[in-house]
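A short write-up of the structure that comes next.
Values in this document were obtained by computation on a predicted structure and should not be read as measured data. Convention: sequence-line order gives letters A, B, ...; per-chain numbering from 1.
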Number of protein chains: 2
Amino acid sequence: MTRVLVIDDEAPILRALKINLTARKYEVCTAADGASGLAAMARERPDVLILDLGLPDMDGTEVIKGVRGWTSTPIIVLSAWGQESQKVAALDAGADDYVTKPFGMDELLARLRAAVRRASPAPDEPVVTTAEFTVDLARKRVTRGTADVRLTPTEWQVLEVLVRNADRLVTQRRLLAEVWGPGYHNEANYLRVYMANLRRKLEPDPSVPRYLLTEPGMGYRFLPG
Amino acid sequence: MTRVLVIDDEAPILRALKINLTARKYEVCTAADGASGLAAMARERPDVLILDLGLPDMDGTEVIKGVRGWTSTPIIVLSAWGQESQKVAALDAGADDYVTKPFGMDELLARLRAAVRRASPAPDEPVVTTAEFTVDLARKRVTRGTADVRLTPTEWQVLEVLVRNADRLVTQRRLLAEVWGPGYHNEANYLRVYMANLRRKLEPDPSVPRYLLTEPGMGYRFLPG
DNA sequence: CCGCGGCGTTAAGAACCCGTCAAGATCGGC
DNA sequence: GCCGATCTTGACGGGTTCTTAACGCCGCGG
């Protein structure tokens with residue numbers, strides 16, 4: 001089920017969106033200003049963000065930049081009929097689409113579908129194999145030899161980020177942001193624990209990692225083959 | 001350079017777009033109807049498609065479906081003020097964005113940038129090679145001959161600044177500011193230590209630098225090739 | 001000939017990072 | 001409401017990295 005976060009300070013619009021989206025089988029959560037919106041973004045991890053630019057506490061482009069600082073989740077901007085320059089600024093700040101009020105609900109839903117469609121499908125190579133184990137991104141399964149390996153949700157998230165960036169170095173900052181959310185930049189502790197768990201479950205010799213490497217001071221790297 | 005294909009049957013709009021896009025350093029090609037548009041799409045392989053729905057020979061959604069059959073190139077649809085249902089149909093057929101005429105050129109350009117940005121999530125970072133070693137900025141990796149070279153975080157940061165400014169002189173002031181932060185302008189000591197480390201790890205003869213050169217009194221310079 | 005400033009080299013202690021373990025705290029299913 | 005699984009948090013030892021200072025070399029100008 002697709003999860004949508006709506007940030008808007010006008011109660012009627014908020015309510016209308018919530019009703020319509022829920023009826024269309026979206027999971028909706030809401031926030032009424034920029035600050036709590038950014039917090040909700042980190043907490044809820046929606047698949048799409050619908051953002052009204054006319055917020056009481058922050059400039060809309062600031063919210064966009066705040067979100068774009070750590071995730072590429074699609075952003076659809078709503079705004080009152082108005083300045084062309086605002087559109088340009090929002091889009092260049094990293095928004096994906098821009099809808100002018102008043103808007104038709106059908107149009108918004110169509111743009112929402114388009115945004116989700118663009119964001120989700122990356123069925124390039126859902127299966128990554130090493131000599132020791134196999135990771136199936138689509139099925140969220142890890143196989144080692146003949147048997148399945150049981151991973152906890154957090155273990156899986158960490159592994160997924162590393163595998164999707166195979167061969168590249170992933171900084172601790174980025175790992176923490178993608179798995180736990182921004183604001184956990186200092187909890188490098190978590191990474192040590194979960195890397196240890198993953199190595200125990202996946203490495204032939206956990207004390208001498210061959211696939212899940214540490215780059216001291218920088219981050220971690222998954223090495224296939 | 002980004003390549004754009006515009007499919008539109010109204011000569012004035014076609015001309016206006018061509019002039020504006022060319023001025024913005026896009027490479028533009030055009031087609032005046034659906035059939036030749038699809039042909040141009042296959043022949044020219046543009047990075048973005050701008051498609052007017054009011055074509056004489058085909059329904060717009062048919063063109064979209066024709067394109068979507070074999071490529072996920074971003075599609076921005078133009079259309080006369082009109083039916084909401086047309087928007088929905090176009091977006092659901094696979095269009096990425098929808099702009100209603102009359103539109104502001106600035107807005108269209110911003111939406112164009114947004115579409116291109118989304119489509120190319122891999123801003124390829126260069127790989128710099130010398131006869132002795134290879135620096136891969138994206139993977140944060142240095143290879144010498146067949147083996148990887150292990151760099152500490154600070155060593156990597158210094159090398160990265162130099163490589164990103166290959167062939168150019170980088171002042172000590174700037175190196176210190178970018179790696180250690182401003183306020184370290186006087187700690188030229190650090191540079192000597194880390195340049196020595198890098199040379200020991202990368203140069204064939206560390207005492208006679210060939211790639212990491214000192215410009216006495218000024219700074220350092222990385223010389224590829 | 002000598003002093004001086006910039007540079008390269010080296011070494012040692014301090015600071016930091018990582019892997020490991022284990023004890024709460026929390027969550028979710030029954 | 002109970003119980004197991006999972007997540008958070010703190011502490012420790014061993015290793016690495018950073019910082020800092022001292023020393024020697026070289027070219028230059030006095």
Is any side-chain N or O of Tyr190(A) closer than 4.0 Å to OP1 or OP2 of dC7(D)?
-> no
CZ-CG distance between Arg111(A) and Leu91(B), expressed to the nearest 0.5 angstrom = 5.5 Å
Flag yes if more than 12 heavy atoms outside Arg141(A) fall under 6.0 Å of its CZ atom; otherwise flag no.
-> no
Indicate whether the side chain of Arg192(B) and that of Thr214(B) have a donor and an acceptor atom separated by less than 3.5 Å.
-> no
Nearest-angstrom distance from the residue atom CD of Glu155(A) to C1' of dT8(D) | 14 Å
For the residue pair Tyr194(B) and Trp180(B), is the inter-centroid distance of their aromatic rings smaller than 6.0 Å?
-> yes
Send over the distance from Glu187(B) CD to dG6(C) P, rounded to a whole Å.
-> 14 Å
Flag for Thr71(B)-Thr73(B): side-chain donor and acceptor within less than 3.5 Å | yes
Does a side-chain N-to-carboxylate-O contact under 4.0 Å join Arg68(B) and Asp96(B)?
-> yes
note: Tyr184(B), atom OH; dC18(D), atom C1'; distance rounded to Å ~ 11 Å
Check the interface with nucleotides 25-30 of chain C: list each N/O to N/O pair with the protein under 3.5 Å, or write none.
none

Counting N and O atoms only, with roles assigned by atom type, does the side chain of Arg3(A) sit under 3.5 Å from a partner on the main chain of Tyr26(A), one being a donor and the other an acceptor?
-> no
Figure out the CZ/P separation between Arg221(A) and dC18(C), and round it to whole Å.
-> 15 Å
Rounded to whole angstrom units, what separation is found between the CG atom of Leu176(B) and the P atom of dG6(C)?
-> 14 Å
Between protein and nucleic acid, restricted to nucleotides 7-14 of chain C and to nitrogen or oxygen atoms under 3.5 Å apart, what atom pairs and distances do you find?
from: dC7(C); atom 1: OP1; to: Gly217(B); atom 2: N; distance (Å): 2.7
from: dC7(C); atom 1: OP2; to: Gln172(B); atom 2: NE2; distance (Å): 3.3
from: dG8(C); atom 1: OP1; to: Arg199(B); atom 2: NH1; distance (Å): 2.8
from: dG8(C); atom 1: OP1; to: Thr214(B); atom 2: OG1; distance (Å): 2.6
from: dG8(C); atom 1: OP2; to: Tyr220(B); atom 2: OH; distance (Å): 3.0

Distance in Å, Arg200(A) CZ paired with Asn197(A) CG, rounded so as to fall on 0.5 Å steps | 5.0 Å
Are Arg221(A) and Asn165(A) close enough that a side-chain donor and a side-chain acceptor fall under 3.5 Å?
-> no
Send over the distance from Asn186(A) CG to dC18(C) P, rounded to a whole Å.
-> 13 Å
Using a cut-off of less than 4.0 Å, is there contact between a side-chain N or O of Thr152(B) and OP1 or OP2 of dT16(D)?
-> no
Rounded distance (Å) that lies between atom C1' of dT6(D) and atom CG of Leu151(A) | 13 Å
Trp180(A) vs dC7(D): side-chain N/O to OP1/OP2 distance below 4.0 Å | no
Can you find a side chain N or O atom of Tyr194(B) that sits less than 4.0 Å from OP1 or OP2 on dC18(D)?
-> yes
